[in-house]
Protein chains: 2
Amino acid sequence: MATSIRHMLKDELQYVVRGTLWIECEQERFFGPGRVELLQRIDETGSIRKAAAGMGMSYKKAWAMVTALNRQVQRPLVVVKVGGEKGGGSIITDEARELITYHSQLRQRFLAFLEKEANDLKESRDLKPK
Amino acid sequence: MATSIRHMLKDELQYVVRGTLWIECEQERFFGPGRVELLQRIDETGSIRKAAAGMGMSYKKAWAMVTALNRQVQRPLVVVKVGGEKGGGSIITDEARELITYHSQLRQRFLAFLEKEANDLKESRDLKPK
DNA sequence: CATCGTTATATTCTTGAGAATATAACGCTA
DNA sequence: TAGCGTTATATTCTCAAGAATATAACGATG
């Protein structure tokens, strides 16, 4: 039988189980919430610069993310065009879209996990033994 | 049917799903891996100072953690003694021990979740739809 | 060939978190 | 009452991550 800690918490305060989740590639960050948002914004705006600005991120950091992402997979997730019409721009590939979908589903499962834990905590139910 | 992203990953690299998890109280950190270790070390050494030093943490930060912890629950988790024999010292309460146990079990469940996700990723199995 | 807005990269500037330091209070012991 | 090692707290110092800034390359377009 698992431990309940409900009795030591303050009734007037709210406790919640939180967490974050990402995919690592060779000990370094590969894909997490920040990169999802960046890819989505590149998709919407067609520009790394606009995407970065839109989420209050420096261009430098966004660029570093893009190069890291492309380095960590077989085929590029972001295709970049320097110069030309409108000065250039960037688009995301179908594989980037797949990755976003995958992450969204993973996140769903994780949120369900967190929600269950927070609920068990609040309800002071006993959890099944490990 | 869930999305598989295995085909876009590099065969020679290793990908793994990672994450971290904590309990929040009123939008601020309440309990996570760092505080577990601090409590355990206080338990072992009988001293906040020694506990902090042992984990390469400044006394100031450790002290902040202790006061925050005690503020966030009904009854103190760390009982502090100023002056006296050996200058004083600190012990953790039974409730602190319960909290550590609870967190350890929570962590077990989380690790199982991560392991399953990493495995599904690697094996390229299709995951059950949300 | 000048213009444009982007990508690409280097360099300087800020700032805030945490380390380091300093100092006092405390209470038992001898 | 002097000494000890701890708790308790304030202040200064350090440093690195990221912001800000600057500048050049790029390539289509008119």
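Order of the sequence lines fixes the chain letters, A, B, ..., with proteins taken first and strands second; residue numbering starts at 1 for each chain.
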Does OP1 or OP2 of C:dT7 have a side-chain N or O of A:Ser90 closer than 4.0 Å? yes
Please enumerate all protein N or O atoms sitting under 3.5 Å from an N or O of nucleotides 13-22 of chain D, with distances to 0.1 Å.
unit_1 : atom_1 : unit_2  : atom_2 : d
D:dA19 : OP2    : A:Ser58 : OG     : 3.2

Salt bridge (charged side-chain N to carboxylate O under 4.0 Å, His left out): pairs with one or both residues in [range], sequence neighbours excluded:
range                     : value
residues 75-91 of chain A : A:Arg75-A:Glu95
residues 42-57 of chain A : A:Asp43-A:Arg97
residues 51-61 of chain A : none

The criterion is side chain to side chain contact (heavy atoms under 4.5 Å, CB included); which residues satisfy it with B:Gln14, sequence neighbours excluded? A:Glu26
If the condition is side chain to side chain contact (heavy atoms under 4.5 Å, CB included), which residues does B:Val79 pass it with, not counting sequence neighbours? B:Ile91, B:Thr93
Please name all residues satisfying side chain to side chain donor-acceptor pair (under 3.5 Å) with A:Glu24, sequence neighbours left out, ordered by chain then number. A:Trp22, B:Arg18
Suppose we screen for side chain to side chain donor-acceptor pair (under 3.5 Å). Which residues come up paired with B:Glu98, at least two apart in sequence or across chains? A:His7
Identify, residue by residue, the members of residues 26-34 of chain B with a heavy atom below 4.0 Å from DNA chain C, and return them in order of residue number, or none. none
Under 4.0 Å, heavy atom to any atom of DNA chain C: which of residues 65-89 of chain B qualify? B:Val82, B:Gly83, B:Gly84, B:Glu85
Please list all pairs meeting ring-ring contact (aromatic ring centres under 6.0 Å, His included) that have one or both residues in residues 23-50 of chain B, counting only residues at least two apart or in different chains. A:Tyr15-B:Phe30, B:Phe31-B:His103
Please pick, from C:dT9, C:dT6, D:dT6, the nucleotide with the shortest atom-to-atom distance to any side-chain atom of A:Tyr59. C:dT9
Return the value, rounded to whole Å, for the distance between atom CG of A:Leu38 and atom P of C:dT7. 11 Å
So side chain to side chain donor-acceptor pair (under 3.5 Å) across residues 28-38 of chain B, not counting sequence neighbours, yields B:Glu28-B:Arg71, B:Glu28-B:Gln72, B:Arg35-B:Gln72, B:Glu37-B:Arg41
Would you indicate whether B:Gln74, at its atom CD, is surrounded by more than 12 heavy atoms from other residues, nucleotides or ligands within a distance under 6.0 Å? yes
